[in-house]
Amino acid sequence: MKRVLITSALPYINGIKHLGTLVGSMLPADVLARFSRARGHETLFICATDEHGTPTELAALEAGKDVRTFCDEQYALQKNACERFHLSFDHFGRSSSAQNRELTQHFARQLWKNGFLEVRTSKQVYSIGDGRFLPDRYVIGTCPHCGYDRARGDQCENCTRVLDPVDLINPRSAVSGSTEIDIRDSTHLFLKQSEFVPQLRAFIDSHRNDWPNLVTSIAYKWLDEGLQDRGITRDVEWGVPVPDDIGDGKLKGKVFYVWFDAPIEYIGATKEWADAINNNSWKTWWYGPESKDVTYYEFMGKDNVPFHTVGFPVTVMGSSEPWKLVDRLKGFNWLEYEGGKFSTSQHRGVFMDDALSLPLPVDYWRYWLMANAPESSDSNFTWEHFAGVINKDLNDVLGNFVNRVTKFCVARFEGRVPSEGEYGEEEKALCAELDQRIKAYTEFLEGLEFRKAMGELRAIWVAANEYITRAAPWTHFKTDRTRAAVGIRMGLNLVHLFGHLSWPVMPTAARAIHTAIQEAPSIIPWPDEPMAQFLDQLEPGQAINPPEVLFSKITDEQVGEWRMRFSGTAAI
RNA sequence: GGCAGCGUAGCUCAGUGGUAGAGCAGGGGAAUCAUAAUCCCUUGGUCGGGGGUUCAAAUCCCUCCGCUGCUACCA
């Protein structure tokens, strides 16, 4: 059997994520996972929280909690939000797990043994006031180029110049404001990425045709600009400790950089999954000949691309062990909010918990986000657009079709699948169109072209409305009951079809639609049969159960209220 | 500053050498099963500006303008 391994970029632990994070990694990965399961592939869908690093330590400090407790709480929040969005992870792990610690240390030992790690001493910013080393961007001061007085140590936001923290005039800690800033030597491990350029280039070249242009162009850019060796350790507390046997004991107290251990957590979380169910198959997904039948998909926003096309592959290649590299890498652009950026600090835009707090089915979000995924360029969420799409596509085109067909069946055919008559030319033409559209829909999902896939799904709903208009059972019923019966039987079969086709993107609505016709399995299988067969499978005489109103519309008042509420400035 | 992506109808976007497309919105009509929901027809664009290559350019090349992102210690 074909095996499909899917990972979503790990959401950082520091607070609930906004819709941009959802649309750029977790949600499309979920749609693929469901699609893959529906087709009968053995599927493993993995995600986790990315917990280590300075921002976590500082957020915990601010919250007055120890880091572990802070992460435990945030993990629970994020896991809950993901569940409520019906993200069907087989396992939602944590990069702070024992499994990840073990694997991260293992990879580091392999790299050290193979000579791909080097101990180097570099100058780091130390804040005496905070009693800790600070990442460059946590030092602020006056820009030596433009005089902007809140320039960050890595880059001036005002003149966009790249800076070194030692260049700042009047440097101070962004954490405490302390001006007691010291530059101290610190010893770190560097990963010799530069030695892997030919191998990486060959790797990227081999995926020119099956990765988005966005992804390969980012990867080539890094290679073309001259790949530098990268520090993979940090002077912080919260992380995977560097083992004593690496670096001749010179790295005592250091931890690995979060970007070193985070991708390894894809594997770590797989082991967490296996350990939790006492199953020792985790390695067959990742390692050696046993993983040959696995196709591995990664999903991420464009900011993550360098780490997945360069950093992580170097870790894997440098281990000289046969760990699996990604096969299909899907990258996304940004989702904007009402023409601007989502802002975590100003709480501008819709976050996962916000979306869940509104009286809207989760499937509204899932459908809109996939239909408007930022694939070829950044895309923009506006309440007006969201309401327009939901009201038209889900309420009018899909929901109303289910409603009109099932209601008519109850009114005129005793709520049972009518038995009279045979399918004719109209039905044959419909089947031919749907065969073609479903093929296209399937291929778009296989090709990870979600926006186009949703367009095709919508076109399928429209085709059903066109058919029922031509078949006009309400007209024929008065003079030719048999002809009306044929139209309604086809209509009911179409409703059943929608339960199948909509499941990967709208699991709850799909289940409700399917249940209108008959009980739904937990995984609603993909329709592989020709439509002439699939759309003629409901047993005549079988009772149906028209659902309560499937969807309801978003009102102008709601649009106005929510636009105000999430603007990030009006909220006081 | 450098690099990358983007710029196509009022809006959101497809289209990478061969007569400019879809959905929404707008206009007209049909139908009355249905959540006034649907279906049919239709208005609308010198494809960001300019130059070039070509029998032919939204598409390839040059240049300019605009927007966005990245620029390696935030993740």
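Throughout, protein chains are lettered first and strands after them, A, B, ... in sequence-line order, and every chain is numbered starting at 1.
- By the side-chain hydrogen bond (donor to acceptor under 3.5 Å, both in side chains) test, T56(A) pairs with Y12(A), sequence neighbours left out.
- The residue V405(A) sits apart from the nucleic acid: no heavy atom pair falls under 4.0 Å.
- Across all strands shown, R152(A) has no heavy atoms under 4.0 Å from either base or sugar-phosphate atoms.
- Contacts of D50(A) with the nucleic acid, taken as non-hydrogen atoms under 4.0 Å apart, involve only primed sugar atoms and P, OP1 or OP2.
- At the phosphate of A75(B), OP1 or OP2 sits under 4.0 Å from a side-chain N or O atom of Y257(A).
- Across all strands, K341(A) comes closer than 4.0 Å only to sugar-phosphate atoms, never to a base (heavy-atom distances).
- With hydrogens and angles ignored, a donor-acceptor pair closer than 3.5 Å exists between the side chain of N400(A) and the base of A34(B).
- Cation-pi geometry between K330(A) and F332(A) is met: the NZ or CZ atom falls under 6.0 Å from the ring centre, inside 45° of the normal.
- Taking atom CZ on R404(A) and atom P on U38(B), their separation rounds to 9 Å, with Å as the unit.
- Taking 4.0 angstrom as the limit, K452(A) places a side-chain polar atom (N or O) nearer than this to OP1 or OP2 of G15(B).
- At the heavy-atom level, G399(A) lies under 4.0 Å from base atoms of the strands shown.
- Across all strands, G226(A) comes closer than 4.0 Å to base atoms (heavy-atom distances).
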Run the side-chain hydrogen bond (donor to acceptor under 3.5 Å, both in side chains) check on T49(A) and Q78(A) step by step: do they pass? CA-CA 8 Å; T49(A) 42; Q78(A) 294 217 23; over 6 Å; no
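- Within 4.0 Å of F477(A), counting heavy atoms only, lies no atom of the nucleic acid at all.
- Using a 4.0 Å heavy-atom cutoff across all strands shown, K392(A) reaches sugar-phosphate atoms only and no base atom.
- If you check every strand for non-hydrogen atoms under 4.0 Å, P55(A) touches sugar and phosphate atoms only.
- Contact annotation for W334(A): backbone-only contact, meaning every heavy-atom pair under 4.0 Å involves sugar-phosphate atoms and none involves a base.
- Nucleic acid contact class of Q228(A) (heavy atoms, under 4.0 Å, all strands): base.
- Atom-to-atom, CD of E384(A) to C1' of U12(B) comes out at 12 Å; the value is rounded to the nearest Å.
- Using modelled atom types, one side-chain atom of E375(A) and one backbone atom of F450(A) make a donor-acceptor pair closer than 3.5 Å.
- Heavy-atom nearest nucleotides on RNA chain B were determined for K407(A) and for L134(A), and the one closer to the 5' end corresponds to K407(A).
- Between A75(B) and R137(A), no contact under 4.0 Å exists linking OP1 or OP2 to a side-chain N or O.
- The closest donor-acceptor contact from the side chain of R137(A) to the backbone of G153(A) lies at 3.5 Å or more, if one exists at all.
- Atom CZ of R234(A) and atom C1' of A75(B) are 11 Å apart (whole Å).
- R451(A) comes within contact range of the sugar-phosphate backbone alone, with a heavy-atom separation under 4.0 Å but no base atom that close.
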Between Y266(A) and H308(A), is the ring-ring contact (aromatic ring centres under 6.0 Å, His included) condition met? List the steps. CA-CA 12 Å; Y266(A) 294 144; H308(A) 288 79; 5.7 Å; yes
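- Residue contacts for S379(A): at a heavy-atom cut-off of 4.0 Å it reaches the sugar-phosphate backbone alone, with no base atom in range.
- For the C1' atoms, the distance from U46(B) to U42(B) is 23 Å, rounded to whole Å.
- Using modelled atom types, no side-chain atom of S97(A) and backbone atom of G93(A) make a donor-acceptor pair closer than 3.5 Å.
- Distances were taken from every side-chain heavy atom of D396(A) (C-beta onward) to each of A37(B), A34(B), G2(B); the shortest belongs to A37(B).
- RNA chain B forms stems at B:1-7 with B:65-71, B:10-13 with B:21-24, B:26-30 with B:38-42, B:48-52 with B:60-64, each a run of 3 or more consecutive Watson-Crick or G-U wobble pairs whose two key distances fall under 3.5 Å.
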